[in-house]
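For ligands, and for the atoms within them, numbers begin at 1 and follow the listed sequence. All figures in this text were calculated on a predicted structure; none of them were measured in a lab.
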Amino acid sequence: MARVAQALAPEGALARAWPEWRAREAQAAMAQAVAQTVEEGGALLVEAPAGSGKTLAYLLPWLLSGRRAVISTSTHVLQRQLAERDLPRLASATGQAVRVAVLKGRGRYVCLARLQAAVDMGPRIGAPAEHAWLRELLLWAERGGDGDLDQVAGVDTIAGLHGRVTSTSENCARQACARWAECHVERARRAAQAADVVVINHHVWLAELQRQRRGRPRLLPEVDVVVFDEAHALHGLRARLDAEVIEHTALQRLWADLTALADGPLRGLQAWRLLAHDGQVATRGLAQALGAAVSREGRQAWPLGDRQAPWRLATAVAAAQAALRASADADPRLGRLLERTRAAAAVLHTLLSSDDPAAVWLDWQSREDWACLRPAVENDALAAHALVTGTSLGARSVVHASATLGQDEALLWHRDALAVGADWSPRTLRLRVGDEDPGAAALYVPEGLPEPAEATHPQALAERIVPWIELLGGRCLVLATTRRAAQRLAQALQARGRPGWRVLLVGDKPTHAALQALRHAGGGAPTIVVACGALWQGIDVPGEALQLLVIDKLPFAPPDDPWLQRRLERARAVGADPFTSVQLADAAMALRQGAGRLIRRAGDRGLIVIGDVRLRRRAYGPALLAALPACRWLDTEGEVQAWLGELEALTRSSTTDRPSAS
Ligand SMILES: Nc1ncnc2c1ncn2[C@@H]1O[C@H](COP(=O)(O)OP(=O)(O)OP(=O)(O)O)[C@@H](O)[C@H]1O
């Protein structure tokens, strides 16, 4: 602990290594608490404001302890930020050598063999551009690097492409593969076993727990310490814990793999092709029926009253299962395919046999991207315990870090949302930042906008912010509550913006590339990044590169979200007010996360615009405003103009952009 204090002291190793380094009280307090947890074992929940430097506050004590760790964060982008920026910078400042590995899900890595096969097949009729793209991807993947698809645009947006360039555990030939020695998945897994720290995301963590439950070999090494950064993001996964899940992409892959076996080693053995075809048709039919029935993105009760489409899929799955069972001895791959049909059969069985509309949930993003899940009926405290502690990796110490774990010292919001059970008793630490500058950010809630549910809302909001973006020369991040709203806002900004503006919609553009464009735009083309979902948390764009943060509306979870319903019931059962303790608390935490993207270090200045008039009109408005980081509240457009004028003058007077770490 003394070494931690020394490194953080005003003349310590970090101050010597980084010109921009400033001693921060909250950061030092957090680092000491983490050091104690790493040394003594146990669990620590720590909340400190966005931008207060939590990453370093948990990395430093772990690094100096010399122990092995897994660090799990919420997104791929944050994995990169940790592995490529924060860890190397800290290792070099402290002179501590550290082997870092990043591990993502198998589906995030290029499979060289499958990609090569897709290229060798030649262009598909009517899709020459796709073939050129595949060739370029192969060149890129063979050039070295880690084959990480998050660095490439297009793969998730061109239908069917993802499955052709990545592998699954069933279609992977392992040692028999001609490209085994260069396999990106294998390399990542081997690197994880040998590393001092493995940086994963929460989805990989959930998948690891599921592997363990099914008795499969572990991918993560034994470690002493597990850190969950952005720990609040575990809440979304809690709903999936022990659930049976079928994802649309997994279904498509199942049928594609069956077709591939039918065309290859199993030719003539069964009517495999027909079975795969029926499965594909039934899957498409279900996607279409769902697409016509859903009215919003996200988790919801099963929306189809008519059971025809799921019934067709259940029939196709059952037929495939019967054939696979009958032939499982002929080829081990059939046994693996059979295992893959199990979750689909279980979910579909429940769907068709239960009258309870909440027995199966739908998680909907688009016709290409949806999942059905059968939630765990039992509230399995043991599984929840495994999710939050990391003891299954042998960890003695676990740290949960986030800017949003609760509104009280016991951080009850986080613990309630995880539904772990009363016998989990972590230490808690809630830090405020003493050196926070309440004059650094200003907040404006525009008057006169339509209510956020109105169809005209995105255009009206875009119109309002265009002059401000123009004045600042871009430097703008727009956070939308849904993917649809993000698309509409990006379109509206493109249509109403000035020639030469770069409006980058995350999704069309890889997140990392969009953020780099914002970070390095400087005085060049005005850059606006529009995003939803993951970018509400953790993203770090320090300095003048980001001065205008726009949040489209209050991030209330849809009231018909079945997991939310369960949480509301639990709150009622213990006599708490469900709206205040769950819905309002969730929205306040999400809003605080989003707003925290703006001020990242001393000297940062900017404007937060929240385009939701409910903040002004509804009784809960003040409670939400109180949850935001300290800032000046602006009341009129005149005050906004004056504040932006100040920002613009500051930017102009700095000869270059301050160095912004990428
Ligand atoms: N003591 C320090 N002096 C100067 N800059 C710092 C210091 N500590 C951290 N930083 C910088 O402050 C920024 C915010 O740090 P970091 O990303 O760790 O924030 P955080 O608390 O994890 O925020 P969030 O909750 O939003 O993820 C980063 O650019 C980081 O390099």
- Winner among Arg22, Lys54, Glu47 once heavy atoms are compared against atom 20 (P) of ligand 1: Lys54

- Nearest option to atom 10 (N) of ligand 1, as decided by whichever heavy atom of Arg600, Arg24, Glu20 sits closest: Arg24

- Query: More than 12 non-hydrogen atoms from neighbouring residues, nucleotides or ligands closer than 6.0 Å to CZ on Arg67, yes or no?
  - Reply: yes

Heavy-atom contact check, 4.0 Å cutoff: does [X] meet ligand 1?
| X | answer |
| --- | --- |
| Gln81 | no |
| Gly51 | yes |
| Ala57 | no |

Close-contact set for ligand 1 against [X] heavy atoms, below 4.0 Å:
| X | value |
| --- | --- |
| Arg597 | 26 (O) |
| Ala403 | 25 (O) |
| Glu230 | 27 (O) |

- Any donor and acceptor pair, going by atom type alone, linking the side chain of Trp643 with main-chain N or O of Gly606 inside 3.5 Å? yes

Contact partition for [X] relative to ligand 1, non-hydrogen atoms under 4.0 Å:
| X | value |
| --- | --- |
| Pro49 | backbone |
| Asp540 | side chain |
| Gln593 | neither |

- Item | Check: His232/Ser402 side-chain N/O donor and acceptor closer than 3.5 Å | yes

- Task: Ignoring hydrogens and angles, state whether a donor on the side chain of Asp586 or Trp413 is under 3.5 Å from an acceptor on the partner side chain.
- Result: yes

- Message: Using 30° and 60° as the class boundaries, would you call the ring planes of Tyr620 and Phe579 parallel, tilted or perpendicular?
- Response: tilted

- For Ala587, the side chain to side chain contact (heavy atoms under 4.5 Å, CB included) test, sequence neighbours excluded, returns Phe556, Leu624

- Between His235 and His414, is the ring centre distance below 6.0 Å? yes

